[in-house]
Amino acid sequence: IATYENDNALIVPTSAFKKKDSEYFVYVVHKEEKQKGAEENEESTLEQGTVEVRKIEIAYLTQDVAEISKGLKEGELIIVEAFQEFKDKEKVEINEVQETIF
């Protein structure tokens, strides 16, 4: 049985990246700072973010996950279920943040 193992791999689900021509990319979300003096009602106010379309390089790919070799750092916020295409600098609402351990 052939297996692959890398203890320091940065992996993302395959639903998190798109392929265009021969390039892969992810949608990185940069959280916007909350403005001082604004009323904060945590239940009704969603965090805002700005999308960055970023090219990545894939080191290893399975049906469910991909190991990213370039273009993404640990801890960066990405859109995991990218059912639509986003444009660079597009504004989005952040409605859920998950940390996944594979």
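Numbers here are sequence positions counted from 1.
- Remark: side-chain polar atoms of Tyr60 are not paired, donor with acceptor, to backbone N or O of Ala66 under 3.5 angstrom.
- A salt bridge (Lys or Arg N to Asp or Glu O under 4.0 Å) check over residues 11-31, counting only residues at least two apart or in different chains, returns the pairs Glu23-Lys55, Lys31-Glu47.
- For the pair Phe86 and Val53, the tightest heavy-atom approach, listed with the atom from each and the gap, is O-CG2, 3.7 Å.
- Annotation: the span from Tyr24 atom OH to Ile56 atom CD1 amounts to 9.0 Å, rounded to 0.5 Å.
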Practice problem: Could you check Ile94 against Val29 for side-chain contact (heavy atoms from CB on, under 4.5 Å), going step by step and ending with a plain yes or no? | Solution: CA-CA 9 Å; Ile94 303 167; Val29 177; 3.9 Å; yes
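- Linking Ile, Leu, Val, Met, Phe, Trp and Tyr residues whenever their side-chain heavy atoms come within less than 4.5 Å leaves Ile78 and Phe25 in two separate clusters.
- A heavy-atom distance below 4.5 Å is found between the side chains of Asn6 and Glu67.
- Residues Val26 and Ala16 approach most closely at CG1-O, 3.6 Å, considering heavy atoms.
- Counting heavy atoms from C-beta outward, Leu77 and Val97 have side chains that approach closer than 4.5 Å.
- Residue pairs satisfying the salt bridge (Lys or Arg N to Asp or Glu O under 4.0 Å) criterion with at least one member in residues 72-95, sequence neighbours excluded, are listed as follows: Glu32-Lys91, Arg54-Glu76.
- Note that the CD1 atom of Ile68 and the CG atom of Leu10 stand 6.5 Å from one another [nearest 0.5 Å].
- Looking only at distances, no side-chain donor or acceptor of Thr14 sits under 3.5 Å from a matching main-chain atom of Val65.
- Atom-to-atom distance recorded for Ile79:CD1 and Ser15:OG is 11.0 Å, nearest 0.5 angstrom.
- A distance of 11.0 Å separates CD1 of Ile58 from CG of Leu72, quoted to the nearest 0.5 Å.
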